[in-house]
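In what follows, chains carry the letters A, B, and so on, assigned in the order in which the sequence lines appear, proteins first and then strands, with residues in each chain numbered from 1.
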There are 2 protein chains.
Amino acid sequence: MHATVAKQLPKNYKLVYDILRGAGHGVHFTMGEIYAHARRKRPAIGFSTVYRGIARLRDLGWIDEIELPGSGSAVYELKGRPHAHFRCERCGEVADVHYQLPARTVARLAARTGGRIGTAMVMLRGLCRRCSV
Amino acid sequence: MHATVAKQLPKNYKLVYDILRGAGHGVHFTMGEIYAHARRKRPAIGFSTVYRGIARLRDLGWIDEIELPGSGSAVYELKGRPHAHFRCERCGEVADVHYQLPARTVARLAARTGGRIGTAMVMLRGLCRRCSV
DNA sequence: TCCGGCACTGAAAGTCATATTCACTATCGG
DNA sequence: CCGATAGTGAATATGACTTTCAGTGCCGGA
């Protein structure tokens, strides 16, 4: 994986990346949660550094930033294949859903709008299994 | 339509609704734009009143609030049938796209997550026709 | 080894779009 | 006319980023 390149990252940014990588795919963190984890490993680290680390990793394409409509804050996860997200309106939990709009559908929509579609995101909202009981 | 019920709205909320209704379907406004329009019609109106008007109309289900991932602010439009949104990454324009996830697909995803899916939103991002030249 | 520079850092301050609080005021059923 | 309730504008608070500032550290070249 990115190991060899990762070595060139400033150590604090690497620390941030390791938090996400350690959790694995499908685990989501808010900026605040990542900061909390980072402080546990390196108490003197500042919020700005974690923030800049996230920004760098996102720009490098190593992590995905998911903007949750209506939640006020974004969540981050290890870069993976495109997928949809489900957010429970009661507990706020965010779960990955293995689904993406068929390429054919996206192409059809692009033709209809006359522009170029870069990304298509699907956001599902409702009650998760636990909260819907 | 809602005419009879609309009469019961406080006049300032009705003013806000009329701005959206006057523009028709498929036209999007940010909170700030709505406030600007409102002031033109009633210069003494306060931001809070417009804000509360929007909140009320949204709760009544007369307008839709669309949270645009990564845009920092939501846009509002007259309530209509469910549809997807396309946002140009260059000019920021938001356009309606007549498409919604097939009910069958949503049902299949709900079964897979084990929860209940209330809404499914599709957000497309890319370059609009004018910006993609 | 010593130096110049640029990347990296933490704390603090700034931004921006809402949300909420406060002290009235207008309205409506009696 | 009255009291309760809803509506109002100004001001303030909030939350999540985002940028600025004043160093610090590290690296390649002389």
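Distance OH (B:Tyr35) to C1' (D:dA10): 10 Å, rounded to an integer number of Å. Between the NZ atom of B:Lys14 and the P atom of C:dA26 there is a distance of 22 Å, given to the nearest Å. Between the CE atom of A:Met31 and the P atom of D:dA16 there is a distance of 11 Å, given to the nearest Å. One interatomic measurement links the two molecules: OH of B:Tyr76 to P of C:dA17, which rounds to 12 Å at whole-angstrom precision. Between B:Leu9 atom CG and D:dG7 atom P there is a gap of 9 Å when expressed in whole angstrom units. Atoms CD (B:Glu67) and P (D:dA16) sit 14 Å apart, rounded to a whole Å. In this structure, CG of B:Leu15 is placed 10 Å from P of D:dG9, rounded to the nearest angstrom. Straight-line distance from the CG atom of B:Leu68 to the P atom of C:dA17: 13 Å, rounded to whole Å.
Neither side chain, B:Asp96 nor B:His25, offers a donor N or O lying under 3.5 Å from an acceptor on the other.
For A:Tyr35 and A:Phe47, the gap between ring centers is short of 6.0 Å.
Not a single donor-acceptor pair, N or O on each side, falls under 3.5 Å between the base of C:dA19 and the side chain of B:Ser48. Donor-acceptor pairing under 3.5 Å, judged by distance alone, is absent between the side chain of B:Arg42 and the base of D:dT8.
No option in B:Arg81, B:Lys79, B:Arg58 other than B:Lys79 meets the salt bridge (Lys or Arg N to Asp or Glu O under 4.0 Å) test with B:Asp64. Among the candidates A:Leu68, A:Thr30, A:Val27, the single residue satisfying the side-chain contact (heavy atoms from CB on, under 4.5 Å) test with A:Val94 is A:Leu68.
If A:Gly46 and B:Lys11 are placed on DNA chain C by their nearest nucleotide, the residue sitting closer to the 5' end is A:Gly46.
Between D:dG7, D:dA11, D:dT19, one nucleotide has an atom nearer to the side chain of A:Tyr51 than all others, and that is D:dT19. Checking C:dT20, C:dC8, C:dA12 against every side-chain atom of A:Arg56, the shortest atom distance belongs to C:dC8. Closest approach to the A:Phe47 side chain among D:dA10, D:dT18, C:dA11 is made by D:dT18 (side chain taken as heavy atoms from C-beta onward). Listed candidates were C:dC8, D:dC21, D:dC17. Nearest to the side chain of A:Ala74 is D:dC17. Distance from the side chain of B:Thr49 is smallest for D:dT8 among the nucleotides C:dC8, D:dT8, C:dT9. Closest approach to the A:Asn12 side chain among C:dT21, D:dC17, C:dT9 is made by C:dT9 (side chain taken as heavy atoms from C-beta onward).
A:Ala55 comes within 4.0 angstrom of nothing in the nucleic acid, heavy atoms only. As judged by a 4.0 angstrom heavy-atom cut-off over every strand, B:Ser73 is placed among residues touching the sugar-phosphate backbone only.
In this model, the phosphate group of C:dA7 is not approached by any side-chain N or O of A:Tyr13 to a distance below 4.0 Å at OP1 or OP2.
Residue A:Ala74 comes nearest to A:Glu65 through the heavy atom pair CB-CG, 4.2 Å, listed as atom of the first residue, atom of the second, then distance.
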